[in-house]
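The block underneath contains the structure these notes are about, expressed in structure tokens.
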Amino acid sequence: MRVTKAVKAEQLRILRSLYPNARPALTFQSPFELLIAVILSAQCTDARVNVVTGRLFPKANTPAAIAVLGQAELEKEIHDCGFFRMKAKHIIETCHILLDEYDGEVPADFEALQKLPGVGRKTANVVMSVAFHMPAIAVDTHVFRVANRLRLAVGTTPLEVEKGLQKVIPREDWSDAHHWLILHGRQVCKARKPLCDTCALAQVCPSSGA
DNA sequence: AACTCGGGGCA
DNA sequence: TGCCCAGAGTT
């Protein structure tokens, strides 16, 4: 199957119809809360992150408060999220940088965000998109896999796929499309046994059945 | 490019 | 039990 521009448009139309009310699964009440939640979400389900932040944020939901909390106590709070020592170290360092260099605020700047410890390209894109409503597409493993299988965007690195998606997806849909691809990757286009038999995109997917 | 960090989900 | 993850940093 040849994935033309028209086919890609059809793929996107179907995805939108499948996941009409796509929204972030993480619960947060400020850019800082979102930043922490996304750092915690690496290799951890959003449901579990929400449980952890539901306990943590009432105690501390600012860079100053978490810095006061200290690494040892933070490690206990986020223990259930996995990689807790490394994440706690990164979060504490990030809080100090936010206090020292950004007046305790989360900068609405992709480059600045990505320089923070524990914040990579994916996390920075999520914060820009979700917290600051800027056009950005965060490419995680689900987005990467689904985009490649559909040939919606092809690449061997997340950055390549991100650029490819930016070309074929209307700017106003970037934030939503991220969620369509994630949901589809989790529920249907799974890494191991993709459910091609019942996939609504099978007709427009070159990887279907393969 | 390969490895580490650390738990849980799931067959 | 064993394998796989809604990543990022280091070597």
Side-chain angles (χ1 to χ4, degrees), chain A residues 15 18-19 21-28 31 33-56 66 71-98 106-107 109-131 136-150 152-153 155-163 165 169 174-195:
Chain A
L15 283 168
L18 284 178
Y19 311 106
N21 48 8
R23 54 184 173 73
L26 295 171
T27 57
F28 62 97
E33 286 193 359
L34 176 67
L35 175 64
I36 300 305
V38 179
I39 291 175
L40 292 178
S41 74
Q43 302 298 95
C44 179
T45 63
D46 285 356
R48 182 163 296 275
V49 171
N50 287 335
V51 171
V52 168
T53 57
R55 290 193 296 252
L56 172 63
I66 288 185
Q71 181 161 338
E73 190 59 30
L74 183 58
E75 285 182 7
K76 293 180 188 171
E77 289 285 345
I78 69 174
H79 184 274
D80 292 342
C81 287
F83 300 148
F84 61 93
R85 266 182 283 268
M86 185 186 65
K87 287 176 182 174
K89 178 173 179 283
H90 287 159
I91 289 172
I92 294 291
E93 290 175 3
T94 284
C95 286
H96 284 298
I97 293 173
L98 293 180
V106 177
D109 179 287
F110 179 81
E111 305 297 334
L113 286 170
Q114 210 183 356
K115 286 177 186 165
L116 297 171
V119 180
R121 189 167 190 91
K122 183 255 182 179
T123 300
N125 269 323
V126 171
V127 172
M128 289 302 291
S129 164
V130 177
I137 300 178
V139 177
D140 53 37
T141 57
H142 290 307
V143 174
F144 183 84
R145 180 180 67 254
V146 176
N148 269 300
R149 282 180 177 168
L150 289 171
L152 180 60
T156 57
T157 68
L159 179 56
E160 288 174 6
V161 170
E162 181 185 327
K163 288 179 176 174
L165 290 174
I169 298 174
W174 283 7
S175 176
D176 288 339
H178 163 73
H179 296 293
W180 304 339
L181 295 169
I182 284 186
L183 288 172
H184 197 65
R186 273 210 342 204
Q187 300 170 11
V188 182
C189 196
K190 301 193 278 190
R192 277 312 182 74
K193 300 180 196 169
L195 309 178

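Every chain is numbered from 1, with letters handed out A, B, ... down the list of sequences.
Here the side chains of A/L35 and A/L116 are in contact, with some heavy-atom distance below 4.5 Å. At least one side-chain heavy atom of A/L98 sits under 4.5 Å from a side-chain heavy atom of A/P107. At a threshold of 4.5 Å between non-hydrogen side-chain atoms, the residues A/K122 and A/S41 count as touching. A/V130 places none of its side-chain heavy atoms less than 4.5 Å from the side chain of A/L26. Here the side chains of A/I137 and A/S129 are not in contact, with every heavy-atom distance at 4.5 Å or above. With contacts defined as side-chain heavy-atom distances shorter than 4.5 Å, the pair A/E33/A/T27 does not qualify. At least one side-chain heavy atom of A/L40 sits less than 4.5 Å from a side-chain heavy atom of A/I91.
A salt bridge (Lys or Arg N to Asp or Glu O under 4.0 Å) check over residues 79-90 of chain A, counting only residues at least two apart or in different chains, returns the pairs A/R55-A/D80, A/K89-A/E93. Within the structure, the salt bridge (Lys or Arg N to Asp or Glu O under 4.0 Å) test picks out no pair touching residues 178-191 of chain A (sequence neighbours left out).
Nearest-nucleotide positions on DNA chain B place A/R48 closer to the 5' end than the other of A/K193 and A/R48.
The separation of C/dC3 from B/dC3, taken at their P atoms, amounts to 16 Å, rounded to a whole angstrom.
Within residues 141-149 of chain A, the residues that have a heavy atom under 4.0 Å from DNA chain C are, in order of number, A/T141, A/H142.
Straight-line distance from the CZ atom of A/F83 to the C1' atom of C/dA6: 13 Å, rounded to whole Å. Atom CD1 of A/I182 is separated from atom C1' of C/dC5 by 13 Å (rounded to the nearest Å). Residue A/N125 contributes atom CG, which lies 14 Å from atom P of C/dG7 at whole-angstrom precision.
A/R186 comes within 4.0 angstrom of a base, heavy atoms only. A/F84 comes within 4.0 angstrom of sugar-phosphate atoms only, judged by non-hydrogen atoms across all strands, and of no base. Nucleic acid contact for A/A138: none, since no nucleic acid atom lies under 4.0 Å from a heavy atom of the residue.
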Nucleotide N/O to protein N/O under 3.5 Å, stretch nucleotides 8-11 of chain C:
| from | atom 1 | to | atom 2 | distance (Å) |
| --- | --- | --- | --- | --- |
| C/dA8 | OP1 | A/G120 | N | 3.2 |
| C/dA8 | OP1 | A/T123 | N | 3.0 |
| C/dA8 | OP1 | A/T123 | OG1 | 2.4 |
| C/dG9 | OP1 | A/G118 | N | 2.9 |

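Between A/Q43 and C/dG7 there is a side-chain polar atom (N or O) within less than 4.0 angstrom of OP1 or OP2.
Taking the 5' to 3' direction, DNA chain B first and last meets chain A under 4.0 angstrom from a heavy atom at B/dC5 to B/dG9.
By the side chain to side chain contact (heavy atoms under 4.5 Å, CB included) test, A/R121 is found to be paired with A/F110, A/Q114, A/N125, A/L159, A/E162, residues two or more places apart in sequence or in another chain being considered.
Between the side chains of A/H179 and A/Y19, not a single donor N or O lies within less than 3.5 Å of an accepting N or O.
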